[in-house]
Undergrad: 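A single structure is presented below for examination.
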Number of protein chains: 4
Amino acid sequence: MDNHFQSSKPIYLQIADQIFYRLVRKELLPGDKLPSVREMAIQTKVNPNTIQRTYSEMERLGIVETRRGQGTFIAEKADIVDELKDRLTREVLEGFVKQMTELGLTKEEMVEGIKTFTEGG
Amino acid sequence: MDNHFQSSKPIYLQIADQIFYRLVRKELLPGDKLPSVREMAIQTKVNPNTIQRTYSEMERLGIVETRRGQGTFIAEKADIVDELKDRLTREVLEGFVKQMTELGLTKEEMVEGIKTFTEGG
Amino acid sequence: MDNHFQSSKPIYLQIADQIFYRLVRKELLPGDKLPSVREMAIQTKVNPNTIQRTYSEMERLGIVETRRGQGTFIAEKADIVDELKDRLTREVLEGFVKQMTELGLTKEEMVEGIKTFTEGG
Amino acid sequence: MDNHFQSSKPIYLQIADQIFYRLVRKELLPGDKLPSVREMAIQTKVNPNTIQRTYSEMERLGIVETRRGQGTFIAEKADIVDELKDRLTREVLEGFVKQMTELGLTKEEMVEGIKTFTEGG
DNA sequence: GTGGTCTAGACCACG
DNA sequence: GTGGTCTAGACCACC
């Protein structure tokens, strides 16, 4: 009945994130057509306006392009994916290191943390 | 001039974070007195209501305790700090690994990323 | 590959504009036959419906006339071109002066702007 | 009863334009508070969401900044106005020259046109 | 009070 | 069919 979205982040950005991740993992390729606004709204069980906002935001970022009356497509630019992956990776990495540093952890401890976490967790 | 707060996270939580980090880095110790709501509001250039909310939230978490007519103090319980540090570390680590995994990175690449990031910037 | 149309203005009007300008620059003359809807659609890589709309719009404006079973032709009326040029020029000029005035520029500054712009780029 | 908006351009952008022009003409200064979304909606007789969109767009452009619970303000950055004026002027100029050139007019004719238009018109 | 988000439903231009 | 815009009304967090 209900969608599985976190309450903290706007839904329209969470949906954009999902698409970003599918792009980065090559599940979506440049030139691929995204579901129409209405179709996507049904799939994700949110209002079409929310999807509209997601698509607008992605277009603003150059990730997708809309073709009049045809739909919304992953941008054809070949490097869009790697750019995106780099940016997302960098952002995550930056936030992680910043927070860990504020917690007083050294680089070695961070590395150690990852190793134990990916095994034990 | 104005405050330097990110727009994404509520200000009252950003201030709580600052206090958390000072605690974890031992700049604040159990039993230490925090500035009064009004004083803190002036320092951070924020509405007193916002500080009030910060303090309430921290009290709810057991980080601080308020003593009638005396002020707000870091909780005396000795283990509060390490507990807090562990929890924050774990949370940050968990979020990091989850996101990087979604980006398709392996454990090795994460470690590599941290190394290059903390060096090269 | 795809078309190179701006997203702001309807494609069918952009195509009409192209024809207008060719007319004004005497690359198209009264009586000349335009490509068929289908042919034009292929050339411009656009849906035939869109071209149909372009031709309809131009016919409404008296720029072209369609002859049953023969195709679409630039109107024979000799003055159509100059009339058109005058109208377009006037419209563009009017819009320009209006906007520049709203920006607080004087006539002198407009003239100056044109001079520097057409030289310096 | 009704608003005076052109049909061609989205209302939310037309309202942004109005604000831009007031800014450029120094009727609005950096730091000034804009009417609240609701208030502006009443003034312009449009839906609050439409204003919201206007403000969002302007924030994206760095023209305004919103302060939590306080309202929307013209960005404090001193050069924002000149930047804006330059950009707007350049855009208008560019479009004008491009269109006039397509109409086959020379620079001299453009200048002439402006002179006669600003007198006669 | 403020802005931010979301829903529901509508209309439109475009292809 | 598609996306783009707008309205009406609601709820929320924040100040």
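Naming convention: chains lettered A, B, ... in sequence-line order (proteins, then strands); numbering from 1 in each chain.
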Undergrad: Just wondering, are more than 12 heavy atoms of other shown residues or ligands nearer than 6.0 Å to CZ in Arg25(C)?
TA: yes
Undergrad: Can you confirm whether more than 12 heavy atoms, excluding those of Lys77(D), are under 6.0 Å from its NZ atom?
TA: no
Undergrad: For a stem of at least 3 consecutive Watson-Crick or G-U pairs with distances under 3.5 Å, i pairing with j, i+1 with j-1 and so on, which stems involve DNA chain E?
TA: E:1-14 with F:1-14
Undergrad: Starting at CE of Met40(A) and ending at C1' of dT2(F), how long is that distance when rounded to a whole Å?
TA: 15 Å
Undergrad: What nucleotide among dT7(F), dG3(E), dT7(E) has an atom nearest to a side-chain atom of Tyr55(D)?
TA: dG3(E)
Undergrad: Should we say atom NZ of Lys33(A) is surrounded by more than 12 heavy atoms from elsewhere, each under 6.0 Å from it?
TA: yes
Undergrad: Gln52(B) has an atom CD; how far is it from atom P of dC15(F), in whole Å?
TA: 14 Å
Undergrad: Find the distance Arg60(A):CZ to dG4(F):P and express it as a whole number of Å.
TA: 15 Å
Undergrad: Is Arg90(C) atom CZ crowded by more than 12 heavy atoms from other residues, nucleotides or ligands, each under 6.0 Å away?
TA: no
Undergrad: Taking CD1 from Ile42(A) and C1' from dT7(E), how many angstroms apart are they, rounded to a whole number?
TA: 15 Å
Undergrad: Nearest-Å distance, CZ (Arg67(A)) to C1' (dG1(F))?
TA: 16 Å
Undergrad: Would you kindly give the CE-to-P distance between Met58(D) and dG3(E), to the nearest whole Å?
TA: 11 Å
Undergrad: Is Ser56(A) near enough to dG3(F) that one of its side-chain N or O atoms lies under 4.0 angstrom from OP1 or OP2?
TA: no
Undergrad: Decide yes or no on side-chain hydrogen bond (donor to acceptor under 3.5 Å, both in side chains) for Gln43(D) and Glu39(D), but give the supporting numbers first.
TA: CA-CA 6 Å; Gln43(D) 286 182 20; Glu39(D) 170 60 22; 3.1 Å; yes
Undergrad: In whole angstrom, what separates Glu65(D)'s CD from dG3(E)'s C1'?
TA: 14 Å
Undergrad: Flag the pair Phe5(D) / Val46(D) as yes when at least one side-chain heavy-atom distance between them is below 4.5 Å, and no otherwise.
TA: yes
Undergrad: Please test Glu76(A) against Arg67(A) for salt bridge (charged side-chain N to carboxylate O under 4.0 Å, His left out), starting from the C-alpha separation and ending with a verdict.
TA: CA-CA 12 Å; Glu76(A) 291 278 9; Arg67(A) 298 180 201 148; 3.8 Å; yes
Undergrad: Counting primed atoms plus P, OP1 and OP2 as sugar-phosphate and everything else as base, spell out the protein contacts along nucleotides 9-15 of chain E at 4.0 Å heavy-atom distance: B, S or - for each nucleotide, 5' to 3'.
TA: B----BS
Undergrad: Under the salt bridge (charged side-chain N to carboxylate O under 4.0 Å, His left out) criterion, do Glu83(A) and Lys85(A) qualify, and how do the steps go?
TA: CA-CA 6 Å; Glu83(A) 246 176 48; Lys85(A) 178 170 178 176; over 6 Å; no
Undergrad: Looking at every heavy atom in both Ala41(C) and Asn47(C), which two are closest together, and how far apart are they?
TA: CB-C, 4.4 Å
Undergrad: Glu59(D) has an atom CD; how far is it from atom P of dT2(E), in whole Å?
TA: 17 Å
